[in-house]
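For reference, the structure discussed in these notes is given below.
Each chain gets a letter, A, B and so on, in the order its sequence line appears, and its residues count up from 1.
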There are 2 protein chains.
Amino acid sequence: MVPKLLLPAVAGQRERTVDVDSEVAMRLRRAGQRYSTGRRGIVHALRALNRPVTIAELIDATPGLAVSSAYRNLAVLEVTGVVHRIVLGADDHARFELAEVLTANHHHHLICTGCGAVDDFTVPARLEKALTDALGAVASATGFAPTDHRLDLVGTCAACTAS
Amino acid sequence: MVPKLLLPAVAGQRERTVDVDSEVAMRLRRAGQRYSTGRRGIVHALRALNRPVTIAELIDATPGLAVSSAYRNLAVLEVTGVVHRIVLGADDHARFELAEVLTANHHHHLICTGCGAVDDFTVPARLEKALTDALGAVASATGFAPTDHRLDLVGTCAACTAS
DNA sequence: ATTTATGCAAATCGTTTGCAAACCT
DNA sequence: AGGTTTGCAAACGATTTGCATAAAT
């Protein structure tokens, strides 16, 4: 089997942007939900920001988005598999990004303990596979059924190291 | 520049329980803090529970621990490197456990999306090393200075799979 | 004796919810 | 029309803080 092509986190997303909307629409429709203007705004904002953002960041990157709608819609988008919620860093605050099924971009996170910023990175396919295998072994040994794994790097980003 | 070394994988965990108290006392003293009865209670509870617990769990596992003291002391214990805060799962809620420097036990987490339970596991030393190396490479390429990594498995635990 | 930690109750702040209006199909 | 989504403001809850007392050195 040919390993999925490895792309830098930023580039992996570009070629599918065209059909993201219809993919989202489909997923929502399947769940009896509508792809309303507000939801479209959220999805577009997430795509533009292209990194895990907090709800606060999302709200002021999305003109006219009410707080309650942000929460409600992110919840809907989460259960329909459109966005992915990640909870990172000591600064707590959940962050959201488009789900990997939409970006075709399996990645991990760099978490800066200095400023709380979160960025994406990828690891070599070989290691990714070794990880998956090892985790599968752990899982089957314990009766745990994995749906996903998370690999994050915690430390200080270049900017915070400088200061 | 060579990236800072990450923690090596270590298997044994039980042998250091005896001097945990003095180790904690030392770390607190170094920070100008006291190892009070309340803090001792928290550390002992964490050691007894031996898994990442929420503040609520900790409070009712520790008789006479006031809510505010729990928060304040966990904050102190966190910055002094005695406990480690982890934020996992969609159920949010931070969890705390004794820091790895005290348990000599580098491990990862199994997170059940069904019941929110969190458990520990370890991966083979070889994989742990491969991970560390790969992450070091990623880090030095981006100017990120890693202090730690996190590898978690997300899925459904045996109990939740059954139901 | 002086400094630090504790408990309680009040204040905070992110998140959730009730409800009426706007929206979509 | 019939059901869904939205915005506002009120409600909620976990976390934090002020302050007077208790404990530690």
[N] [atom2] sits how many Å from [X] [atom1], rounded?
X     : N      : atom1 : atom2 : value
B/L77 : C/dT6  : CG    : C1'   : 14 Å
A/R39 : C/dC23 : CZ    : P     : 15 Å
B/R40 : C/dT4  : CZ    : P     : 19 Å
A/L65 : D/dT6  : CG    : C1'   : 10 Å
B/F96 : D/dA14 : CZ    : C1'   : 12 Å
B/D60 : D/dA14 : CG    : P     : 13 Å
B/L74 : C/dA5  : CG    : C1'   : 14 Å
B/I59 : C/dT6  : CD1   : P     : 13 Å

Quick one: list whatever passes ring pair (Phe, Tyr, Trp, His ring centres under 6.0 Å) with A/Y35, sequence neighbours left out.
none

B/H107: ring pair (Phe, Tyr, Trp, His ring centres under 6.0 Å) partners, not counting sequence neighbours
B/H109

For residues 130-146 of chain A, which side-chain donor-acceptor pairs fall under 3.5 Å, sequence neighbours excluded?
unit_1	atom_1	unit_2	atom_2	d
A/T132	OG1	A/E128	O	2.8
A/D133	OD2	A/K129	NZ	2.8
A/S140	OG	A/G136	O	3.3
A/S140	OG	A/A137	O	3.2
A/T142	OG1	A/V138	O	3.2
A/T142	OG1	A/A139	O	3.1

Taking the side chain as everything from C-beta on, heavy atoms only, tell me whether B/E97 gets closer than 4.5 Å to B/V53.
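Sidechains of B/V53 and B/E97: no contact.
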
Qualifying residues under side-chain hydrogen bond (donor to acceptor under 3.5 Å, both in side chains), relative to A/R27, sequence neighbours excluded
A/E23

Test of understanding: with side-chain hydrogen bond (donor to acceptor under 3.5 Å, both in side chains), list the residues that count as partners of A/R72, not counting sequence neighbours.
A/S68

Identify whether any heavy atom of B/G64 sits under 4.0 Å from a base atom; if not, whether one sits that close to sugar-phosphate; answer base, sugar-phosphate or nothing.
sugar-phosphate

Protein within reach of the bases, or only the backbone? For nucleotides 18-24 of chain D, mark each nucleotide 5' to 3' as B, S or -, using heavy atoms under 4.0 Å.
B----BB

Using the closest heavy atom to pick a nucleotide of DNA chain C for each, name whichever of B/V67 or B/G32 lands nearer the 5' end.
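Nearest nucleotide further toward 5': that of B/G32.
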
